[in-house]
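Chain letters run A, B, ... following the sequence lines, proteins first and then strands; every chain starts at 1.
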Number of protein chains: 2
Amino acid sequence: MKEFLRTKGFKMTPQRELIFRSFFELGEHVSVDELYDKVREIDKSVGYSTVWRNLKLICKVGLAIEVNLGDGITRYDRVTKIPHGHLYCMNCKKLEEFSVEQIVGLLAETAGNYKFAPENFKIEIQGYCVDCKADNKVNIDKASVTAENVTEMKQ
Amino acid sequence: MKEFLRTKGFKMTPQRELIFRSFFELGEHVSVDELYDKVREIDKSVGYSTVWRNLKLICKVGLAIEVNLGDGITRYDRVTKIPHGHLYCMNCKKLEEFSVEQIVGLLAETAGNYKFAPENFKIEIQGYCVDCKADNKVNIDKASVTAENVTEMKQ
DNA sequence: GTTGAAATTGAAAACCGATTTCATTTAGGA
DNA sequence: TCCTAAATGAAATCGGTTTTCAATTTCAAC
Ligand SMILES: [Mn+2]
Ligand SMILES: [Mn+2]
Ligand SMILES: [Zn+2]
Ligand SMILES: [Zn+2]
């Protein structure tokens, strides 16, 4: 790892090593705060900005990507060999992964049609998980929209 | 429209009418600031928070959904009869839409497998558009990641 | 081993879009 | 017309992200 970073012009430090290791132990969808807490369990002297900067570095060297789910918190997801999508429960915020090999194929094709150079694909299903659905805690009182409403509105 | 809102318990006001109309004139991927400016062209007395609140209302009644592309700015996208995905250029921030009927089918199926109640699907391709690719302005010096790096890191 | 330039760190401040507060005004049913 | 709930505008606040800056540390070159 040290070698790997040095070839990119980055130096290795005790903090960095701890942060990198902790990140991969946490594994999925890690927020700055979560990683900060994890790191602090071992070394209380590590600063928040150092954790933040190293999370950015992990992305820069291609080991993770940022994930934004609209709850205002940026999470960092390790890069997996096989791409995956996310099932995001809008009630309990739980996140599940599912495989998207077939879909990515279609998307790559689409990108080609638009002469677009894809860097990565984001595939998310937002909704409510089994538990939340069952608990009936979800109050979906969204107005029933009709084509007329929209048309009317548009003029 | 007034009728439509009243049945939901909302009142109609001059500001609201102007904001709603302006939103649908702008059409796609509207940010609060953009809408605020557009509204202000016609009525300088309308406040920012009123624009913001009405954008939220437009979502609540199901006429738009929030879109977060990771650039820190929330955009509001009108709801379309046929679902669409987004091609997002990480360089010039341009946004193009493409149809995703087939993909949504697969996603609905996936949701079913997880007993998940989907509310909406987010399908994005992040990368670089033709122009930015051609201009060679894009400096992709992302480290070439190998499986070994990751494995090594993980232990 | 010593040295020095460049990278890294930690604390604090700055940033900035999103959201809330609150006093005042307004809509619309009774 | 009257009354109450909803809506508004300005300003303050919130909270996650990013930058600043002085001090420290790494590591390649001697
Ligand atoms: Mn994931
Ligand atoms: Mn769109
Ligand atoms: Zn849930
Ligand atoms: Zn572009």
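For A:Trp52, whose side chain is taken as the heavy atoms from C-beta onward, the closest listed nucleotide among D:dT19, C:dT20, C:dT9 is D:dT19. Of all nucleotides listed (D:dT19, D:dA5, D:dG9), D:dT19 comes nearest to the side chain of A:Ser49. Checking D:dG9, C:dG10, D:dT17 against every side-chain atom of A:Thr74, the shortest atom distance belongs to D:dT17.
Remark: A:Asn54 is not in phosphate contact with C:dT8, judged by side-chain N or O atoms under 4.0 Å from OP1 or OP2. Of the side-chain N and O atoms in B:Arg6, one or more sit less than 4.0 angstrom from OP1 or OP2 of C:dG29. OP1 or OP2 of D:dG9 has at least one side-chain nitrogen or oxygen of B:Gln15 nearer than 4.0 Å. The phosphate of C:dT9 (OP1 or OP2) has no side-chain N or O of A:Lys11 nearer than 4.0 angstrom. An OP1 or OP2 oxygen of D:dA7 is reached within less than 4.0 angstrom by a side-chain nitrogen or oxygen of B:Arg16. Listed pair B:Thr13 / D:dT8 meets the phosphate criterion, a side-chain N or O lying under 4.0 Å from OP1 or OP2.
For the side chain to side chain contact (heavy atoms under 4.5 Å, CB included) criterion with B:Val32, the lone passing option out of B:Leu55, B:Asn54, B:Asp37, B:Ile73 is B:Leu55.
Between B:Lys60 atom NZ and C:dT19 atom P the separation is 12 Å, expressed in whole Å. Atom pair A:Leu57:CG and D:dT26:C1' shows a separation of 15 Å (rounding to whole Å applied). Per the geometry, CG belonging to A:Asp71 stands 19 Å off P belonging to C:dG17, to the nearest Å. B:Glu17 places its CD atom 12 Å from the P atom of D:dT8, with the value rounded to the nearest Å. If you take CD1 of A:Ile73 and P of C:dT19, they are 13 Å apart, rounded to a whole angstrom. Rounding to whole angstrom units, CZ of residue B:Arg75 and P of C:dA18 are separated by 10 Å. In this structure, the CG atom of A:Leu18 is 11 Å from the P atom of C:dT9, given to the nearest Å. Rounded to an integer number of Å, the gap from A:Tyr36 OH to D:dT17 P is 14 Å.
Counting non-hydrogen atoms of other residues, nucleotides and ligands closer than 6.0 Å to CD of A:Glu66 gives a total above 12.
When atom types are taken as modelled, the side chain of A:Arg78 and the backbone of A:Glu28 share no donor-acceptor pair closer than 3.5 angstrom. B:Lys44 places a side-chain N or O within 3.5 Å of a backbone atom of B:Arg40 that can act as its donor or acceptor partner.
Residue A:Tyr48 is classed as a base contact, given a heavy-atom separation below 4.0 Å to a base. Residue A:Arg53 is in base contact, counting any heavy-atom pair closer than 4.0 Å across all strands shown. Contact annotation for B:Lys44: no contact, since no heavy-atom pair falls under 4.0 Å across all strands.
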- Query: Can you check side chain to side chain donor-acceptor pair (under 3.5 Å) on B:His29 and B:Glu97, steps first, answer last?
  - Reply: CA-CA 10 Å; B:His29 318 125; B:Glu97 303 190 334; 2.9 Å; yes
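Between A:Val51 and B:Gly72, it is A:Val51 whose nearest contact on DNA chain C lies nearer the 5' terminus. Heavy-atom nearest nucleotides on DNA chain C were determined for B:Tyr76 and for B:Phe10, and the one closer to the 5' end corresponds to B:Tyr76.
Using a cut-off of 4.0 Å between Lys/Arg side-chain N and Asp/Glu carboxylate O, A:Glu17 and A:Arg21 are scored as salt-bridged.
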